[in-house]
Amino acid sequence: MDEELYKQNILDHYKHPHGKGVLVDFDIKERGRNASCGDDLTLYIKFDQEHKVRDVAFEGEGCAISIAAASMLTETIKGKTAKELALISPGDIYNMLGIPISPGRVNCALLAYKALNDSIKTME
Amino acid sequence: MLDTATIKKDFPIFESSPALAYLDSASTSQTPLLGLTAMDEYYTKYRANIHRGVYELSEIATDKYEQARETLARFLSAESEEIVFTSGSTLASNMLVYSLEKTLPLEKGDEIVTTIMEHHSNLIPLQELASRRGLTLKHIPLTEDVDLDYEKARELITSKTKIISVTLASNVLGTINDIKRLSELAKEAGAILIVDAAQAVGHMPISVRELGCDFLFFSGHKMCGPTGIGVLYGKKERLASLKPSLFGGSMVERVDTHTAEFASTVARFEAGTQNIAGAIGLAAAIEYLSRIGLSNIEHHVRDVTEYALSQLRSIKGVTLYCAGDPRKNAGIVSFLVEGIHPHDVAEIFSRGQVAVRSGHHCAQPLMGALGVTALVRASFYLYNSKEDVDKLVLGIKKAQSIFA
Ligand SMILES: Cc1ncc(COP(=O)(O)O)c(C=O)c1O
């Protein structure tokens with residue numbers, strides 16, 4: 001129970017995040033910020049001709065939970081259409097993380113998700 | 001050192017959580033039983049509104065509330081007519097700035113001088129005032145060892161300076177500022193000096209006379225008092241001409257359909273029903289702290305801080321962001337653990353029952369000046385011991401091993 005939150009999976013994503021970087025050619029660039037702890041990341045997405053996510057990247061600073069969640073998110077959204085992206089819910093993020101998220105960490109877990117969600121809203 | 005085992009017995013929280021290493025008093029402190037009992041008594045024995053009823057309970061409540069004001073006055077070496085009760089630092093700061101705006105002759109191009117280490121609650125009201133009135137806001141920077149740069153202060157404070165507003169102790173760095181020195185500069189410039197004493201009152205002996213400030217404010221909840229009560233001190237001559245900025249019941253002399261005349265006393269600044277229990281609880285907290293002795297508390301916290309500084313300095317990968325001389329530190333130690341975000345550090349601590357804060361601590365301009373986005377902050381008070389610091393150190397080692 002004690003080490004639950006920082007199980008290896010989360011730590012691996014934190015130390016070696018997937019999709020870390022910037023896209024020069026992008027359709028979406030959205031910043032997510034966590035006012036309480038200063039976490040700050042920017043999500044980039046590029047769609048292909050079929051309007052599916054061809055490339056996704058994020059850059060920024062954050063805690064293990066927010067970086068791991070961002071890393072996992074970039075993995076899962078590749079190949080998805082904007083419509084499919086809109087269907088992703090906070091519950092999906094919690095499931096991906098696979099650990100109990102306390103109220104104090106909700107904003108960390110959902111930082112990248114919120115950036116994604118905001119960007120899709122502005123697209124519509 | 002104080003006998004923390006005995007002191008802890010005065011705080012019911014440590015009965016409910018005996019293993020708790022509470023290192024977040026800079027955010028809010030714990031409450032001694034004495035304060036709780038005093039507030040209970042108000043609610044159970046003489047609850048009534050003040051300055052209104054002609055019945056006995058109201059008279060008792062009024063007496064207790066005014067006695068609380070006297071206690072505060074004695075505690076700060078002020079007079080009771082210089083003590084205004086507010087809901088806390090934030091209200092005091094906002095209300096004061098509005099009042100000064102209505103009272104002072106402020107002209108476009110006039111200047112306000114503050115510091116780079118201010119809490120948002122002191123800073124933002126000044127920013128807003130500056131933007132409403134076309135004033136220039138200047139910030140005294142830090143030296144290498146996170147002290148205020150007094151040479152720069154001397155340059156920044158000029159005859160154009162109308163208001164100087166500085167924190168007595170930084171809620172991030174712990175740095176205790178030399179208010180007397182700034183007070184001299186304020187006098188030369190003819191500027192009003194405001195002191196944010198949220199991290200200082202109740203932690204060290206404070207005399208507003210000695211500081212030489214015009215206004216000073218703080219929150220009760222950071223000094224063993226309840227939440228929702230605080231104080232704005234105003235020097236008599238300043239307060240006498242200060243216009244109120246909150247309006248309502250209890251603060252007027254006379255009201256007709258279009259105009260009102262305001263009370264000539266501090267009542268002018270206490271519109272509406274006040275936090276009566278809060279004022280009584282705060283006075284009880286002061287009684288409690290005074291019994292232990294403010295100097296004793298100051299020295300105790302200094303010893304714990306010194307121990308924490310030396311322990312943390314010896315851990316590889318830990319970088320301190322705070323006043324390194326415990327005599328110039330109000331009991332606050334902020335740091336980073338290499339490769340681990342402050343949020344994660346705090347979470348790992350919490351599992352060892354160590355409560356600290358992580359984040360920007362409502363001081364984002366300071367974070368910018370330090371080149372960080374967040375810090376872990378441990379803060380010490382009279383109930384903390386070296387054992388608490390040892391738990392903190394264990395927590396850091398644990399975090400390092402998890403993230404290794
Ligand atoms: C230096 C300083 N000023 C002002 C405040 C604001 O106090 P409150 O939130 O009680 O109004 C704080 C509290 O964190 C503080 O540390």
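Every chain is numbered from 1, with letters handed out A, B, ... down the list of sequences. Quick caveat, the model's predicted, so the values are computed rather than measured.
More than 12 heavy-atom neighbours from other residues, nucleotides or ligands sit within 6.0 angstrom of NZ on A/Lys15. Within a 6.0 Å radius of CZ in B/Phe14, more than 12 heavy atoms belonging to other residues, nucleotides or ligands are found. Residue B/Lys152 qualifies as open at atom NZ: its count of foreign heavy atoms under 6.0 Å is 12 or below. Counting heavy atoms of neighbouring residues, nucleotides and ligands inside a 6.0 Å radius, atom NZ of A/Lys114 exceeds 12 of them.
The structure places CD1 of B/Ile402 at 10.5 Å from CD of A/Gln8, a figure rounded to the nearest 0.5 Å.
Residue B/Ile340 touches chain A through its backbone alone, counting heavy-atom pairs closer than 4.5 Å. Using a 4.5 Å cut-off between heavy atoms, B/Ala346 does not touch chain A at all.
For the options B/Met367, B/Gln364, B/His360, heavy-atom pairs under 4.5 Å to chain A are most numerous at B/His360.
The shortest side-chain heavy-atom distance between B/Val372 and A/Glu61 does not fall under the 4.5 Å cut-off.
When all heavy atoms of A/Ala64 and B/Asp344 are compared, the pair lying nearest together is N-OD2, 2.5 Å.
Test B/His343, B/Glu347, B/His341 against A/Cys108 for side-chain contact (heavy atoms from CB on, under 4.5 Å) and you get one pass: B/His343.
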